[in-house]
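As the structure is a computational prediction, the values presented were derived from the model and not from experiment.
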Amino acid sequence: MRLKTKLVLAITGLVFLLAGILSLVYVSQLVHAAVQQSYDGNKMVADEVRFAVQDALENGLKDVTVDPNNPGQLHDLEVTAIRNSAALKAVMDSVNRYSLTVYDINIGDAQHHTLVSTNPTNEDKPLPVRDDYGQLLRVNPIQLMREVFGPPRVFDISVPLERNGQPFITVHVGARTTLLHVVYAPWMQEAFTLMGFVLIAALVMAFLLSNLALRPLEEISMQLSYWTPVSEESDPSETAPKEDMPQRVSTQIERIGQRMRNVEEVFSALKENLDQILGNLQDGILLFTGDGRAVLVSESARRFLQVEKANMLGLHAREIFDRSTVLGRSLIEAFETGVDLVQEAVLTETGRRIEASLNLIHDDRTNQKLGALVTLHDLESVEEIESELELSRRMAAIGRLTSGVGHEVKNPINAIVVHLELLKNKLGETNGAASKHLEVIDAEIHRLDRVVQTLVDFSRPVELQLREHDLRRVIGDVITLATEELSTRNVTLESELPSNPVVAYVDADLMKQAVLNVIQNGAQAMSEGGRLRVLLEENRKVAILRIQDQGPGVPDDIKDRIFDLYFTTKSDGSGIGLAMTYRILQLHHGSVEVQSEMGHGTEFTMRIPLAMTEWGKRHLQPESAEGTEWMLQ
């Protein structure tokens, strides 16, 4: 069944129900009024007949002598006077003839015998037993309707004529319900006619209201049809007439909902990829709408702006950029003036050099402002990367050079050692002075051999044994090993390790060597002892290891050279330890940085990429049972 048909039937039924209830109340009140009116009229008829009976008795007994001790004589005289009264008969006949609701009139005595009646067959017979007409006034409307319009019945209205306080003559007026029905039938017909008119009006009103109610639904369906593409396999001309309007709208909404779910899935995937890309970018990116509110903010932008607000999305540019800073003032002025900012170098209050750009986005056709794109570029990071690349190139060149030099030098050294042994054998112990010089030559040749061997080891390709390790355990082993040695130098080693595992994909032995090199370098820098701190923390996708000493610091003029091979400021140093650390971190795709201030110590920062593992969902790979020996060069 269509919705329109349901609406028409529902509205029609509701109106018909209301009209029926109102009509029933109206008819019940009408019938009650009719019964009350009939009762009053018949009661008046009964009183009129009683007065006529009273007159008949007065006139008939006026000149008659009655024995008070003979009641039978008095009864006979009363009957004779009533039956012989022409005036009484005239009143009764006229009432019975012209009253529309009077069925008959009976006059009875105290023994309930009929003395006079408009129905001659009732005379000298017992009075008819009938219900009191007054009870119809006390019944409920449904019972009243049933009595009036049900099987024909005659109700009685009686009026007594009393003597000495006792009734001796009674006037009975009979009212028949069929007569009530005939009298008030036109009123009932008018009521039912009114109900029929109301029913027809309800049908018309329901039809109009259903069309009016469904018109917005049709407009919604047209709009949904515009946004819902019709499948090529279905013919809209065939399906549209068969579907009811709400069903069609529901189907279209379901299609749009499915499309929105599909778009939401694609959007979620794109947003996840975009967040990953923005998270890996070193440059800060902020995208604003036409009214200057942020809709996209990269993680790097928060570090550039040093904003502590966790969520900058939806904020206005004036709320994000601080006008009191050089960078914020430059960007806000560009926003307000509507002028592009092209790679403007800004020196911040902290001495950091940033390259800021603001590109306003306009509609090509209307030239309306659609938004703005802000990019922040760290010039110092670029220089650091270039410096690291230059250092890597130098290290690679040194590696290629040392590999050839070590091979070329190793052979002559071996030949010198052989001939030196032959010479020592020929001279024997006869020449003590010559033997002393030969021992010096031998010691220096062996020292040179160790240096060349170290050079060859440094340039030789390293085969990494990469496994998943908890860096807390790796660093803990180094601390355990170094604590005893540092205590002999009056150096206190302190460590702060996180409570949760920090899992990295590393060669544990090489990583221990790299960390131990830096720890011993810091301990050697504190000639008078002090405190050396080792701190490990996790920052997004990298583990950060900080090693802080309280030494004199590294001068700025040699800070960029401390990772060069063979560079050292110690009289007994080899210049290989920090270079080896730098190389090990490079092999693990990490980095090592140094920050130092003269008189306030030095801090080495090592960044190690974390393993792509969610801790607790995948167990660590077991380490080798034997392990690999490692040592400090």
Problem - Among Val342, Leu286, Val374, side-chain contact (heavy atoms from CB on, under 4.5 Å) partner for Leu358 - result: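 Exactly one pass, corresponding to Val374.
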
[X] side chain to [Y] backbone, donor-acceptor under 3.5 Å:
X	Y	value
Asp470	Val503	no
Asp507	Asp509	yes
Glu603	Gln548	no
Asp549	Leu532	no
His600	Ser596	no
Arg472	Ser499	yes

Handout entry: Between CZ on residue Arg607 and NZ on residue Lys541, distance to nearest 0.5 Å
Key =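 Between atom CZ of Arg607 and atom NZ of Lys541 there are 15.0 Å.
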
Exercise for the section: Could you give me the CA-CA distance, side-chain angles and deciding distance for Leu545 and Val515, then say whether side chain to side chain contact (heavy atoms under 4.5 Å, CB included) is met? Expected result: CA-CA 9 Å; Leu545 177 63; Val515 175; 3.7 Å; yes

Would you say [X] and [Y] make side-chain contact, with heavy atoms under 4.5 Å?
X	Y	result
Asn500	Pro498	no
Thr581	Met606	yes
Ile562	Val554	yes

Problem - Enclosure of Met260 CE (heavy-atom neighbours >12, cutoff 6.0 Å) - result: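 No, not enclosed.
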
Contact summary for [X] and [Y], nearest pair of heavy atoms:
X	Y	value
Ala543	Leu471	CB-CD1, 3.6 Å
Val491	Met526	CG1-CE, 3.6 Å
Tyr505	His588	O-CD2, 4.1 Å
Arg489	Gln520	NH1-O, 4.2 Å
Pro609	Ala504	O-CB, 3.7 Å
Ile519	Ala482	CG2-CB, 4.3 Å

Exercise for the section: Just say parallel, tilted or perpendicular for the rings of Tyr582 and Phe563, cut-offs at 30° and 60°. Expected result: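 Ring orientation, 0 to 90° scale: tilted.
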
Practice task
Let me see the working for Ser357 and Thr375 under side chain to side chain contact (heavy atoms under 4.5 Å, CB included), right down to the final yes or no.
Solution key: CA-CA 5 Å; Ser357 299; Thr375 57; 3.2 Å; yes

